Amino acid sequence: MDFDLTKEQQQLGDSIQRFVAREYAFEKRKGILRSEEGMSREVWAHLAEMGLLALQVPEEHGGMGGAPIETMLAMNGVGRGLLLEPYLASAVVATTLLRELGSPAQQGELFPAMAAGERIVVLAHDEPGARYDLTQVSTKATRAGDGYALSGQKSVVVHAPSADLLLVSARTGSGVSLFLVPWDAKGVSLAAYRTLDGRRAADVTLSEVRAGREALVGAEGAALDVIVSVNDVAIAAACAEAVGALEALLQTTVEYSKSRKQFGVPIGTFQALQHRMVEMLIHVEQAKSMSYLASLRSDEKDLQARARVMSAAKVIVGRACRNVGQEAVQIHGGMGMTEEFHASHYFRRLAALELSFGDTEHHLEKFALNSAEAT
Amino acid sequence: MDFDLTKEQQQLGDSIQRFVAREYAFEKRKGILRSEEGMSREVWAHLAEMGLLALQVPEEHGGMGGAPIETMLAMNGVGRGLLLEPYLASAVVATTLLRELGSPAQQGELFPAMAAGERIVVLAHDEPGARYDLTQVSTKATRAGDGYALSGQKSVVVHAPSADLLLVSARTGSGVSLFLVPWDAKGVSLAAYRTLDGRRAADVTLSEVRAGREALVGAEGAALDVIVSVNDVAIAAACAEAVGALEALLQTTVEYSKSRKQFGVPIGTFQALQHRMVEMLIHVEQAKSMSYLASLRSDEKDLQARARVMSAAKVIVGRACRNVGQEAVQIHGGMGMTEEFHASHYFRRLAALELSFGDTEHHLEKFALNSAEAT
Amino acid sequence: MDLSFTPEENAFRQAVRSFVQSRLPADIQKRTLEGRKQTHDDYKRWHRLLYEQGWGAPTWPKEYGGPGWGAVEQYIFEEESAAAGAPLLSPFGLKMVGPVIYTFGSDAQKERFLPRIRSAEHSWCQGYSEPGSGSDLASLKTRAERRGDGYVVNGQKTWITHAQYADYIFCLVRTDPKAKQQQGISFLLIDMKTPGITVRPIVTMDGGKEINEVFFEDVHVPVENRVGEENAGWTYAKFLLGHERTNIAGVAVSKRELRRLKHIASEERKNGKPLIEDPAFAARIAQVEIDLWALEITNLRVVSAEKEKRAPGPEVSLLKIKGTEIQQALTELMMLARGPSALGLLNDADAFRPAAAYCNLRKTSIYGGSNEIQKNIISRTILGL
Amino acid sequence: MDLSFTPEENAFRQAVRSFVQSRLPADIQKRTLEGRKQTHDDYKRWHRLLYEQGWGAPTWPKEYGGPGWGAVEQYIFEEESAAAGAPLLSPFGLKMVGPVIYTFGSDAQKERFLPRIRSAEHSWCQGYSEPGSGSDLASLKTRAERRGDGYVVNGQKTWITHAQYADYIFCLVRTDPKAKQQQGISFLLIDMKTPGITVRPIVTMDGGKEINEVFFEDVHVPVENRVGEENAGWTYAKFLLGHERTNIAGVAVSKRELRRLKHIASEERKNGKPLIEDPAFAARIAQVEIDLWALEITNLRVVSAEKEKRAPGPEVSLLKIKGTEIQQALTELMMLARGPSALGLLNDADAFRPAAAYCNLRKTSIYGGSNEIQKNIISRTILGL
């Protein structure tokens with residue numbers, strides 16, 4: 001039992017943190033945030049150069065084939081730097097789906113381009129009203145000629161406006177299948193907007209979108225289990241991102257409390273605030289522990305055991321996001337409310353992470369149910 | 001709309017507070033607590049003299065016929081003084097049941113004696129495993145000769161060891177009936193013990209206990225609705241008792257924090273504790289508001305509306321009991337843990353009140369259900 | 001003790017209700033009830049309609065053109081207005097500077113300002129906070145130097161809600177830099193059109209532009225625009241803080257928002273059933289509903305004491321703390337009720353977007369004296385610590 | 001990074017498990033698992049059995065007769081012992097005074113005391129707190145005046161767990177009344193049978209008599225019973241506080257108690273079904289289970305750092321805070337699970353009575369440095385505030 005990183009992992013972690021500190025300073029990020037695309041292609045290319053887009057790429061395609069700890073370190077950095085690029089969506093979720101389900105041809109075509117930062121792929125799965133139920137898929141893919149015709153609605157597909165390809169889930173008979181759909185395919189329309197945390201997202205409408213057989217990812221009707229399973233990988237990554245953001249926000253808050261004066265003394269000398277910052281710290285440390293566990297168990301084969309870990313992690317991390325986010329804004333006072341200052345950006349990202357991949361209540365319930373079944 | 005007391009109510013309230021301060025000092029109470037019976041007959045007689053045992057007695061029997069505000073004031077005093085006497089059980093619950101259901105003969109016999117403090121009557125209703133479900137009655141009363149034979153189990157009947165008569169609920173056919181059963185009737189056995197808050201209580205076993213027709217209180221099979229309804233009166237009274245105890249405990253805690261020194265200064269100067277005591281105060285004030293409402297609405301005729309008020313009051317008061325009790329002990333430190341010091345006695349009484357007549361979760365759920373039905 | 005309203009109070013409620021129902025413009029009502037952003041024009045239109053009814057200054061005494069309502073009538077008015085979807089009236093003129101002027105102002109000030117506040121001709125904003133002094137107000141640095149028949153004001157004020165719409169700003173400024181913190185402060189009424197004033201919006205995290213910084217560069221303010229004595233401004237500021245808190249808990253608006261939360265929870269579905277029927281979510285709604293109910297009674301206790309002409313005491317701090325916690329809980333639950341779709345901020349920025357509301361409402365525990373300051377006040381004045 | 005145990009560690013766990021299973025007396029095990037009170041004799045019997053196995057001092061280095069286990073082995077030992085229902089060993093000799101003696105004591109002290117702690121011949125108690133000095137330990141007043149070859153001790157200690165069973169007490173006493181607070185304190189080992197010592201039980205609100213006051217009236221203590229230097233006692237006390245915190249979070253015991261909570265919740269019924277299937281109650285159990293799980297990992301992180309010979313830092317304060325919160329939450333839930341029947345304290349005072357346990361466990365956030373003190377420590381040392 002040890003919590004130590006290998007030397008290589010340590011170096012990777014350091015280089016990510018260095019990159020974030022140097023290339024993703026808050027002022028630079030503001031520019032990216034305000035830009036039309038809401039992400040930086042230059043940063044994306046840089047992440048590719050560092051090899052970070054290949055962590056989920058199979059080794060035979062030059063990647064690391066999963067690498068839970070490395071992914072955790074990358075996500076810590078993404079969280080600390082509040083990166084706006086689709087790392088979680090494309091380099092983690094979509095890449096893992098393609099690793100699990102993609103044909104050799106699909107992998108051969110996509111992985112080099114994705115690892116090089118030249119192609120962005122995003123899963124379009126959630127539908128209006130599905131809430132956190134991954135099994136609720138109403139989009140249909142019916143046989144049409146040699147391939148399929150896809151029709152349906154996908155909601156809040158984060159980063160869809162930047163994606164080259166969408167991985168669209170759709171019902172085929174009794175099962176769910178995945179299809180690679182180019183963003184500009186006929187019949188695809190995106191209603192784009194910003195998310196709470198400033199990312200670009202879209203509701204995607206598919207009207208009789210033609211997809212050839214080569215667009216089918218995995219066997220027909222066999223995608224749902226994998227989507228559910230990759231959701232666990234996403235949770236582990238999201239927890240690691242949250243931990244990066246939580247640590248940064250706590251640090252920011254403590255520093256602010258040391259410099260900001262009221263009644264002639266730094267507000268950090270007020271015991272009531274001190275004790276609340278200690279509570280924040282406890283939340284962060286507990287979140288960190290569960291993030292370790294989630295990452296280490298993200299390739300666990302016992303799916304029920306894994307689901308328990310992920311739900312537990314999401315509950316602890318979710319509560320931490322809520323507590324630390326709200327307290328940080330409160331302690332920053334008016335400054336915490338502004339777009340100008342970084343605290344509110346962390347606050348929003350943490351709130352968004354809590355709402356992603358199942359919120360705290362959802363996972364608490366799931367854990368309780370899972371426990372009852374286990375006993 | 002006003003929150004003012006009439007002059008008479010003000011005087012009553014004052015006289016109760018004076019009585020408690022003078023005749024129920026903590027050291028004296030310790031003696032009563034340690035006594036075999038766990039209550040003081042002398043105090044009971046004194047309460048009778050003050051007219052407090054007659055608040056629920058009908059006017060034609062020389063009482064006040066209900067008097068919600070007066071009852072609230074009495075219960076405030078009972079709470080502040082941590083009175084160990086069966087005020088709530090006998091003078092409120094049993095008296096109200098007899099007022100609602102008792103025959104003229106029963107009333108004529110019992111009310112003068114109860115109002116004079118010469119007879120104590122206690123409801124024995126709850127059964128093992130019933131939790132907070134008042135409708136769960138397994139005790140049976142079967143016809144036997146001219147009367148009935150009662151058999152069954154009643155659990156945690158507080159003050160049963162001091163009672164002259166038990167008001168026993170039992171199933172008769174499809175309904176529930178109430179019977180007056182002398183404590184020493186053949187077939188009644190009491191397994192007595194102390195409760196969490198130092199009162200005497202008993203599990204009561206009834207084995208073929210004979211009760212004549214004159215022992216039946218109200219029409220056969222018609223008691224359950226009244227028991228449920230009187231439970232609302234009990235909740236209002238318990239909330240008022242809690243408010244008296246909460247106010248006293250908050251005051252005690254604030255005073256202790258002003259006198260107890262650590263690191264050379266009173267602990268009440270530590271801002272973290274100050275803010276927590278403010279939270280306690282907010283709980284107390286919110287509890288007080290809901291206690292007013294519960295008392296004023298305890299004779300409301302719309303039973304669903306009344307149930308909503310009682311559940312809401314019990315939730316607010318229950319949370320206050322938990323928060324203020326726990327924080328008070330914590331702020332008192334080691335002293336708060338001891339039998340010697342009054343804080344722990346308040347803590348225990350507040351915990352007991354939270355568990356009585358439905359706990360916080362029970363009433364939160366009931367309120368939510370009730371709301372759903374109302375919409 | 002009686003929590004029911006008198007027949008007179010009920011009749012009053014009925015009168016308010018029918019007025020609001022008949023006169024509140026449907027478009028404004030719709031925006032409020034849907035939680036959409038109100039425009040400055042909405043506020044003004046509604047205020048003018050009230051003015052025409054003689055209710056332009058609902059909290060003022062008759063002497064100054066108010067309807068002379070007591071605390072209970074005011075409470076009923078606010079409750080009915082909020083329930084029907086009327087916009088909240090801007091407090092800066094009506095509840096803040098107005099009472100200061102009619103209590104401490106000169107006859108000329110009363111004559112010039114009060115009618116225009118009442119009629120919605122003048123909009124006001126409040127210049128208290130500064131970058132270095134938020135909760136610690138007395139450390140303010142904006143200077144006003146006496147020069148001839150006026151003051152020359154230099155400095156910066158911040159967190160100023162609706163400064164962009166304001167015709168006037170009331171400001172605390174330092175007129176005697178040598179005096180101790182709370183002395184040496186004066187209370188000025190400044191025309192926002194005076195040269196040297198610059199307003200710069202502060203974008204808040206929900207994308208809103210409600211609040212502003214206001215810069216003063218050699219701004220000339222005639223001496224007749226000072227309220228009361230020079231260097232006695234702190235007294236007026238304290239009066240203002242202690243005044244009119246009938247509605248600080250925001251109970252009436254929260255009751256409306258609770259209804260909206262329930263509406264959202266009945267629209268959303270979980271496990272095939274309306275979310276509002278989910279026991280866990282229903283319990284969370286019940287908890288906030290019960291908290292709000294208790295706060296309403298607590299608020300009525302304070303209002304009732306005001307009716308007896310007892311001045312509202314530090315218990316208003318309690319109303320502020322609990323009131324803002326409930327307001328925040330309501331937006332949080334609306335966001336959680338919407339689930340993952342709350343993430344998306346649809347492009348209609350005026351629409352109700354629960355996540356944006358959740359962000360925006362974080363302000364309530366910060367402004368108007370942060371909840372920490374309120375706790376300090378309660379600790380000192382009620383608990384005697 | 002790897003959270004699984006090594007094959008060696010797993011083999012060690014197996015060895016501990018089979019030892020505990022084969023040797024733990026059934027009556028003791030039953031009492032623990034049912035939550036009944038343990039007797040002093042229970043502790044002693046179990047300690048002696050461990051001693052016979054060579055495990056009388058599980059946390060000590062080999063040099064002093066310990067098994068020389070590392071932090072992970074110690075953790076595994078505690079976990080297996082608690083899970084199987086073994087009583088916790090008394091910490092006062094093994095985890096507190098023992099390490100002080102072998103680190104700072106004289107050879108004579110080592111020879112005289114260490115073997116007898118290990119063999120359970122001597123029971124110890126801790127004389128730190130005084131009526132006027134709880135969390136503020138350095139303000140202690142008990143005096144020890146040098147007279148000839150010894151000290152004469154006068155004063156009062158309080159909150160002393162198990163003083164009634166103790167053969168020895170280790171005490172902080174003031175030997176130089178003129179020195180500043182933390183100076184002038186010495187560390188004495190005092191035979192409880194010395195004339196002038198009176199033990200008076202303090203009854204706690206659960207009816208328990210675990211804790212005591214100890215009065216010293218002209219108690220003569222030979223100078224060779226002073227550990228280390230005169231007036232340097234604070235150093236040893238601080239060492240002790242910073243030492244051995246592997247188990248401060250109480251994770252192993254809480255895991256056992258969680259199982260008991262689930263057992264109780266499966267016995268109780270609500271709406272005709274086992275309470276454990278009630279979604280609201282199940283969610284509350286789940287929350288504490290998850291908190292405990294996270295704490296376990298956090299604890300392992302600290303243990304793992306200790307393995308690397310890094311000394312445990314202020315993060316043990318975090319373990320203490322969260323650990324006690326969880327312990328308290330567990331008894332609270334057991335009480336709530338029992339519902340109204342929890343009110344009755346059946347006459348068997350040794351039986352598990354959830355309401356009494358709920359009362360008793362309030363102590364955990366007070367003793368061993370209250371949770372407020374722990375927060376002060378974290379604030380100062382980790383956050384740098």
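In what follows, chains carry the letters A, B, and so on, assigned in the order in which the sequence lines appear, proteins first and then strands, with residues in each chain numbered from 1. Bear in mind the structure is a predicted one, so any value in this text is a computation, not a measurement.
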Counting heavy-atom pairs under 4.5 Å to chain D, which of F357(B), F270(B), Y132(B), F341(B) comes out on top?
Y132(B)

To the closest 0.5 Å, what do you measure between CD (Q262(B)) and CD1 (I373(D))?
6.5 Å

Taking NZ, NE, NH1 and NH2 as the nitrogens, is one of them in E339(B) or K209(D) under 4.0 Å from a carboxylate oxygen of the other?
no

Residue part contacting chain D, namely of R200(B), when any heavy atom lies under 4.5 Å
neither

Locate the shortest heavy-atom distance separating S356(B) from L343(D); write the atom from each residue and the value.
OG-CD1, 3.9 Å

Pick from S344(B), G334(B), A201(B), G358(B): which one has the most heavy-atom pairs with chain D under 4.5 Å?
G334(B)

Heavy atoms under 4.5 Å from chain B: which residues of residues 323-331 of chain D carry them?
none

Under 4.5 Å from any heavy atom of chain B - which part of A355(D)
both

Counting C-beta onward and ignoring hydrogens, is there a side-chain heavy-atom pair between Y193(B) and D348(D) closer than 4.5 Å?
no

Check whether D359(B) reaches the backbone of G339(D) with its side chain - one donor and one acceptor, N or O, closer than 3.5 Å.
no

Who wins among E340(B), R194(B), Q326(B) for the most heavy-atom pairs under 4.5 Å with chain D?
Q326(B)

Quick one: what part of A192(B) sits under 4.5 Å from any heavy atom of chain D, side chain, backbone, both or neither?
backbone

Measure the shortest side-chain to side-chain distance between M337(B) and I211(D) over non-hydrogen atoms and say whether it is less than 4.5 angstrom.
no

Any donor-acceptor pair under 3.5 Å linking the side chain of R131(B) with the backbone of E268(D)?
no

Go through E267(D), R353(D), R284(D) and name the one with the most non-hydrogen pairs under 4.5 angstrom from chain B.
R284(D)

As an exercise: rank R199(B), R348(B), K261(B), M335(B) by heavy-atom pairs under 4.5 Å with chain D and give me the winner.
R348(B)

So which part of S155(B) gets closer than 4.5 Å to some heavy atom of chain D, the side chain, the backbone, both or neither?
neither

Cut-off 4.5 Å, heavy atoms of chain D, and the answer for R260(B) is side chain

Please look at E332(D) and chain B and tell me whether the side chain, the backbone, both or neither of the residue comes under 4.5 angstrom of a heavy atom of that chain.
side chain

So, do L355(B) and L336(D) sit near enough that their side-chain heavy atoms are less than 4.5 Å apart?
yes

Please give me the minimum heavy-atom distance between V156(B) and G344(D), naming the atom from each residue.
CG1-N, 4.1 Å

For L346(D), which atoms come within 4.5 Å of any heavy atom of chain B: side chain, backbone, both, or neither?
both

Side chain, backbone, both or neither: which part of A337(D) has a non-hydrogen atom closer than 4.5 Å to chain B?
backbone

Could you look at R338(D) and say if it's the side chain, the backbone, both or neither that has a heavy atom under 4.5 Å from chain B?
backbone

Pairwise side-chain contact, Q136(B) with R269(D), heavy-atom cut-off 4.5 Å (strictly under)
no

Please report the interatomic distance CZ(R362(D)) to NE2(H332(B)), rounded to the nearest 0.5 Å.
14.5 Å

SB check K270(D) E365(B) (cutoff 4.0 Å)
yes

Quick one: does M205(D)'s side chain get under 4.5 Å of V329(B)'s, heavy atoms only?
yes

I'd like to check the side-chain contact (heavy atoms from CB on, under 4.5 Å) partners of N212(D); sequence neighbours left out, ordered by chain and number.
A163(D), Q164(D), V199(D), P201(D)

S365(D)/Q330(B) under side-chain hydrogen bond (donor to acceptor under 3.5 Å, both in side chains): CA gap, chis, key distance, verdict
CA-CA 7 Å; S365(D) 50; Q330(B) 183 70 21; 2.6 Å; yes

Atom group of L273(B) that falls short of 4.5 Å from chain D, counting heavy atoms:
side chain

